[in-house]
Each structure stands twice: as C-alpha cells, then as structure tokens.
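Down below is the structure, laid out as structure tokens.
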Amino acid sequence: MDKDVIKAKLYDYFCKEASVIAYDSDRDSENSRELIDILKIGRVAYDEYPDMNAELRDEPGRQNIYFDSDSINEDDCVVNRMVISNGAIARLRVYPVHGYFWTEEEREFVRGFLLIVSTVKSRIRMKEYIDYAIFHEMDLGYYNPFYLIRMMGMVMKLERMNEYTIIFFNLVNLSGLNSLLGREETNKVMLKFTGTVSDMLEAPECLCRMGGDNFCVLVKQEKTKRILGVLEGIHISVDCGDVSVVKLGAYCGVYNCTGKEKSFNECVDNAQATMLMAKNTKNSQIQFFDRSMIEMMNNTKQIESCFKAAIRGEEFKAFYQPKVNLANFKLVGAEALCRWFRGGKQVMPDQFIPILERSKRICVLDFYILDKVCSDLAKWIAEGKQPVRISSNFSRKHLSNPDFVKEVKEIVDKYGIPHSLIVIEVTETTSEADMIRLHKLVEEFAAEGFEVSVDDFGVGYSSMSMIKDIPFSEIKIDKSFLDNADISNRDMVIMKHIISIASDLEMSTIAEGVETTEHIKLLKKYGCYHGQGYYFDKPLPREEFEKVLCEPDYHEKGLDYV
Ligand code: C2E
Ligand code: MG
Ligand code: MG
C-alpha cells in the first residue's frame with residue numbers, strides 16, 4: 001500500500017499525531033516500525049457506541065470495518081476502548097490476517113501501539129479542549145480577553161501596534177432587549193450583531209468578549225470607520241412573536257494605538273475609559289480617546305473613592321470669608337467655605353464640589369461643614385467672642401431630602417447655637433418641582449428661625465420668578481456682575497433692578513466678589529449695603545477669622561471709607 005494512503009487511513013483511524021508518530025518522526029522510529037508491522041499483519045475494525053449501554057448491547061452507532069471477514073483470523077484480536085471528542089465510546093479492534101497467528105511479541109506490539117494511539121488521542125483532545133478553554137468564554141463561545149492579549153502580543157512583536165485601533169464597546173440597552181425577547185433570543189441577536197463585525201476581521205484582528213455585554217475589537221486603523229458604522233447600530237431580524245426586527249448598537253470607546261504604550265492593558269484601559277465617557281455622558285455614542293478627558297475621569301474616581309476616608313480623617317476644613325457692611329466697614333457675618341487638605345495640599349472647592357455633586361456625597365459634606373461651623377460658633381461663644389451670623393452652603397441635592405430641615409436643626413441644636421446665627425445658602429433652581437420644594441423648605445426654615453439666602457443670584461433663568469414667590473431673607477448677587485462692572489454695561493442695569501426689587505420685597509442684598517473701591521461705590525449707589533470679597537478678606541482659616549471677630553472694624557484696621 002502506498003505510504004500516503006496508509007497515512008491518510010491512519011489519520012482516519014486514529015489521528016494526525018498517530019500517523020506522524022508512525023511515519024514522520026525520527027524520534028519515534030521504533031513506533032513506526034511497529035505500526036508498519038501491524039499494518040502488514042493486522043486489520044482494523046472501528047465501532048462507535050453512543051454510550052456504555054449501547055456498547056454492552058453491542059449496538060454501534062457507527063461502524064467501520066476496513067477488511068472483508070475472510071481476510072482476518074477472527075480467533076485472535078486486540079481490543080482498545082476510548083472516549084472520543086463527541087463523548088461517544090470508540091472501540092478499536094485489530095485482527096491478524098487470515099491464517100496468521102501473532103507471536104506473543106507481536107501481540108504486545110499491537111497492544112502497545114493501540115495504547116499509544118489512545119493516549120495520544122486523549123492528549124490531543126485535552127490540548128484542544130485546553131486551547132479552546134484558554135481562549136474562549138464558556139457562555140457563547142466568544143474569544144476571551146486572553147485571546148485579545150495573544151493577538152496584541154503578536155502585533156506588538158512585529159512592532160506594528162501603531163497600525164491598530166482598539167474599540168471597547170458596550171451594548172446599548174441589552175437588558176431592555178432581554179425583557180422584550182427573552183434571554184435566548186437576545187443571545188442570538190447579540191451573536192448576529194457581533195458576528196457582523198467579526199466577519200469584517202482578519203487575524204490578528206479579533207473581537208473578544210470582555211465580560212457581560214462588554215466587547216473589545218482589535219482592528220487595523222483603516223478599517224475602524226467601517227466597524228464603527230456597524231457598532232453604531234444595525235437592524236437585526238428576530239423570530240419572536242410580534243417583533244420581527246430590532247436595532248442593536250453599542251457605546252464605543254476608540255483608542256488608536258501609538259505603539260509607545262507600556263502594556264496591552266494601557267491600550268485596553270484607555271479604550272474602556274473612553275467607552276465609559278460615552279456611556280455616562282451620553283453626548284455621543286462613539287467617543288475617541290482624549291487624554292485630558294480620561295485624567296478628569298480618573299480624578300473623579302479617585303475623589304469619589306477617597307471621600308469617605310477624607311471625612312473620617314477630618315481633611316475638610318471650614319474657612320470663613322467676612323461679610324462687611326459697606327456703609328461702616330463693620331463685620332456683619334461670614335460665609336463658611338470648604339477647603340480640602342489632601343496630602344498636605346489645599347484643594348479648592350471647584351476641584352471637588354462638582355464631582356461630589358454628582359452623588360449624595362455632597363450632602364454628607366454640607367452637613368459636615370455645618371457641624372464644623374456650629375462647633376466653631378460654640379467655641380467662640382464660650383470664649384466670650386461676639387459671634388456673627390455664619391452662612392453655610394447647601395447643594396440642591398438636599399431638596400429631595402424630606403428631613404433636610406430636621407437634620408440641620410439637629411446639628412445646630414447639638415451645639416446649642418441660636419438658629420438666628422445660621423444662614424442656609426442655596427443656589428437658584430430651574431425646575432418647577434424644585435421650586436415648589438424650595439418654597440416649602442424656606443418656609444419650614446423660617447418657622448424654625450433660620451434665614452435662607454439665594455446664592456449666585458441673577459445668573460439663572462428663573463431668578464425673578466423665584467424671588468417673586470419664595471420669601472428668602474437675603475439675595476447674594478453673583479460675582480459675575482461685579483466682574484463686568486462698568487456703569488454703561490447691561491449687567492449693571494440688571495444688578496440695579498435686582499437690588500431695587502429685592503429691597504421692595506423686603507429682602508436684603510449682598511454682593512459677592514467685592515474687590516475694589518469702584519465696586520463699593522457702585523453697590524452703595526444702587527442701594528446694596530453688604531459686600532463680601534477680596535477687598536476686605538479672602539476666605540480665612542478659623543484662627544485668622546477669630547482675629548477678625550476680635551477686631552471687626554475694617555476702617556479701624558486701616559481701610560478708608562469709600
Ligand atoms: P460661592 O458659595 O458662591 O462662594 C463664593 C466664592 O467666591 C468662593 O469661592 C470665594 O472664595 C470666592 N470669592 C469671594 N470673594 C471673591 C473676590 O473678591 N474675588 C474672587 N475672584 N472670588 C471671590 P470658593 O471658596 O472657591 O468656593 C467656590 C464655590 O464652591 C462656592 O461658591 C460654593 O458654591 C462652593 N462651595 C464651597 N464650599 C461649599 C460647601 O461646603 N458646600 C457646598 N455645597 N458648596 C460649597
Ligand atoms: Mg455661597
Ligand atoms: Mg456665590
């Protein structure tokens with residue numbers, strides 16, 4: 001028999017490796033000799049049983065007998081059993097040729113060879129299984145992140161990373177699809193969607209599932225646009241009751257690799273962080289990597305994660321910025337402003353307040369600062385200092401807290417501070433619902449003897465309707481009015497009217513950002529007699545502010561009346 005034919009047969013009978021062992025490998029020349037001997041003197045029968053019972057009943061599902069029964073010596077036979085990859089039991093029988101009796105030595109060869117075959121086969125099966133398990137996820141058989149790393153590793157070795165893009169994507173509203181179609185049908189839709197992308201790829205390009213509904217694509221840069229075209233959304237037909245077609249798309253973070261990244265992770269992390277920006281901001285379904293954006297996000301994450309510890313570690317301090325009577329330059333109050341001392345550095349509110357405002361953390365901070373204010377006031381009163389009214393800033397997030405007034409009262413009462421010494425500073429609101437809540441709150445606070453001041457007044461849209469309806473005690477004119485102070489300016493016209501309307505409604509006014517004598521002149525001219533700004537003092541640490549409490553007259557401290 002031709003060597004190649006035997007080889008092919010061996011491949012069929014046993015496996016590729018067995019034929020390699022038999023013919024190709026010098027390492028295994030011993031086995032080769034043995035096999036050839038077998039083929040000269042033996043005949044192989046192969047039966048495949050679906051399970052052990054079928055084997056016991058000798059009812060093979062598939063049978064291959066490569067000889068006619070006359071050509072063998074049926075009295076002699078070596079049998080080997082093994083479990084094959086489809087889970088069936090394979091039984092292999094080898095007979096000597098008709099009229100021949102194997103010697104004991106030959107029989108041992110046959111047994112030995114079959115043992116080798118079954119061992120090699122199970123080893124190959126195991127290897128195939130391990131290879132599969134290493135590089136695929138078990139749910140739907142997608143490539144997994146290890147495969148992505150392997151492919152990226154290949155590209156990196158060739159120093160061609162700069163030619164590739166990583167797209168990290170997250171499916172839009174997969175849970176909605178799950179409830180509409182059920183899990184099984186949704187899986188099919190997902191496979192069709194990702195399959196459309198995979199069909200456009202050529203190794204080492206790949207699409208891998210990173211977990212859940214997160215996927216990563218490694219693709220040549222020039223193909224990115226086409227892939228994004230699919231990821232943005234495609235219609236997929238489904239077979240599910242009334243629904244015949246659904247649209248599926250993804251939030252995508254796109255990172256064009258530079259080849260200078262220190263690790264695979266850096267590329268994938270950048271793409272993932274970019275995807276999260278797309279998902280969280282919802283400005284655009286597809287975002288391209290921008291380093292400053294990511295830094296901001298990392299900063300956000302960092303601030304959020306260390307906030308609790310910072311509160312526990314008393315890293316936040318209340319600073320006090322004096323409020324001054326512009327007629328006599330005497331201290332009339334102060335605003336508590338928060339500072340964060342983080343790793344020995346002072347961090348300003350604009351670096352963390354907007355981040356904390358994205359969650360209820362801001363409420364924790366506001367109550368914390370109020371607590372500090374009250375404890376400082378209690379200290380000053382105990383030391384015989386003349387206390388002044390202190391305002392504390394409260395985020396709009398408190399509006400939804402039904403116990404807001406109660407919680408403020410509890411803190412203030414804990415220190416035995418007269419309610420008239422505390423001013424609640426809130427910013428303007430825009431929505432109708434917030435306005436109604438705010439109205440109620442202001443009345444509740446007033447009933448408890450607290451004053452409420454509207455911060456940054458005049459920059460929102462609703463300013464006028466707000467003060468028309470809600471009985472605030474004080475209006476704080478936003479700093480931006482004085483920033484643009486110029487008597488001919490339209491802002492000045494507005495400021496003038498704000499002051500006059502507030503006065504008609506019996507609300508006091510105070511201006512923020514008083515920096516110059518011109519500002520003071522202007523404010524007085526329009527009838528605003530309270531100011532807060534660098535002209536008098538910046539926000540001061542407690543110890544510095546205590547000095548102001550002891551010497552509350554800025555004229556006596558050397559400032560000329562304006
Ligand atoms: P705000 O409540 O409007 O506070 C006034 C801001 O203007 C303060 O900035 C203050 O330092 C600054 N300022 C005062 N006078 C002048 C001036 O003459 N010139 C200039 N250029 N600026 C002046 P700061 O301390 O950086 O606070 C910024 C914002 O952070 C505050 O604006 C407030 O909205 C928020 N904030 C501060 N502390 C807290 C807090 O404990 N809770 C909440 N919710 N927000 C706070
Ligand atoms: Mg304020
Ligand atoms: Mg303000």
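Note that ligands are numbered from 1 as they come in the structure, with each ligand's atoms numbered from 1 the same way.
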Near G533 (heavy-atom distance under 4.0 Å), the atoms of ligand 1 are 15 (N), 18 (O)
Under a 4.0 angstrom heavy-atom cut-off, which atoms of ligand 1 come close to S395? 44 (N)
Which is closest to atom 37 (C) of ligand 1 by heavy-atom distance: L337, I362, D537? L337
Assess whether a salt bridge exists between D139 and R209, defined as any Lys/Arg side-chain N lying under 4.0 Å from an Asp/Glu carboxylate O. yes
Without hydrogens or angle criteria, can the side chains of E261 and T258 be said to hold a donor-acceptor pair below 3.5 Å? yes
Is it the case that S400 and K360 place a side-chain donor and acceptor less than 3.5 Å from each other? yes
Can R437 and D434 be counted as an ion pair, charged N to O under 4.0 angstrom? yes
Atom 11 (O) of ligand 1: nearest protein contact (heavy atom, Å): P539 CG, 3.3 Å
Between ligand 1 and E357, is the shortest N or O to N or O distance under 3.5 Å? no
Output the atom name for the N/O/S atom of D455 with the smallest distance to the Mg ion (ligand 3). OD1
N/O/S atom name from E512 that is nearest to the position of the Mg ion (ligand 3): OE2
Of the protein's non-hydrogen atoms, which lies at the shortest distance from atom 12 (C) of ligand 1, and what is that distance? K479 NZ, 4.1 Å
I'd like the name of whichever of D366, I353, V373, D455 reaches closest to atom 39 (C) of ligand 1 through any heavy atom. I353
Among S392, C338, G531, P349, the residue with a heavy atom nearest to atom 26 (O) of ligand 1 is P349
For R542, is there an ion pair with E546 - N to carboxylate O distance below 4.0 angstrom? yes
Assess whether a salt bridge exists between E544 and K547, defined as any Lys/Arg side-chain N lying under 4.0 Å from an Asp/Glu carboxylate O. yes
Does F215 have its ring centroid less than 6.0 Å away from the ring centroid of Y143? no
Under a 3.5 Å cutoff, is there a donor and acceptor pairing between the side chains of N256 and T165? yes
Can you sort out which atoms of ligand 1 are near I369, meaning under 4.0 Å from one of its heavy atoms? 41 (O)
Establish, from distance only, whether the side-chain atoms of S263 and N265 form a donor-acceptor pair under 3.5 Å. no
Looking at D456, the N/O/S atom that lies nearest to the Mg ion (ligand 3) is called OD1
Geometric cation-pi criterion K372 and Y368, 6.0 Å radius, 45° cone: yes
Residue-level breakdown please: for K538 versus ligand 1, do any non-hydrogen atoms fall below 4.0 Å on the side chain, on the backbone, on both, or on neither? neither
Any side-chain donor near an acceptor of the partner, D269 and Y255, under 3.5 Å: no
Counting only heavy atoms on the protein side, is anything nearer than 4.0 Å to atom 34 (O) of ligand 1? no
Checking K323, R389, K476 against E335 for salt bridge (charged side-chain N to carboxylate O under 4.0 Å, His left out), the one that qualifies is K476
Short check: is a protein heavy atom less than 4.0 Å from atom 45 (N) of ligand 1? yes
Are E515 and L482 side-chain neighbours, meaning at least one heavy-atom pair lies under 4.5 Å? no
So, F352 versus F316, ring centres under 6.0 angstrom or not? yes
Which ligand 1 atoms does N393 reach within 4.0 Å, using its non-hydrogen atoms? 2 (O), 39 (C), 40 (C), 42 (N), 43 (C), 44 (N), 45 (N), 46 (C)
Atom 22 (N) of ligand 1 - nearest protein heavy atom and its distance: Y534 OH, 3.2 Å
Going by heavy-atom distance to atom 5 (C) of ligand 1, choose the closest among E515, E512, H519. E512
Backbone or side-chain N or O of Y535 under 3.5 Å from ligand 1 N or O: no
For V514, the ligand 1 atoms with a heavy-atom partner under 4.0 Å come out as 18 (O)
Answer yes if the ring centres of F457 and F472 are under 6.0 angstrom apart, and no otherwise. no
Which one holds for E335 and ligand 1: side chain close, backbone close, both close, or neither close, with close meaning a heavy atom under 4.0 Å? side chain
Under 2.8 Å from the Mg ion (ligand 2) - does any N, O or S atom of N393 fall there? yes
So the angle subtended at the Mg ion (ligand 2) by E335 atom OE2 and E425 atom OE1, rounded to 10 degrees, is 90°
Shortest protein contact, atom 15 (N) of ligand 1 (heavy atom only): Q321 NE2, 3.0 Å
Heavy-atom protein contact below 4.0 Å for atom 1 (P) of ligand 1: yes
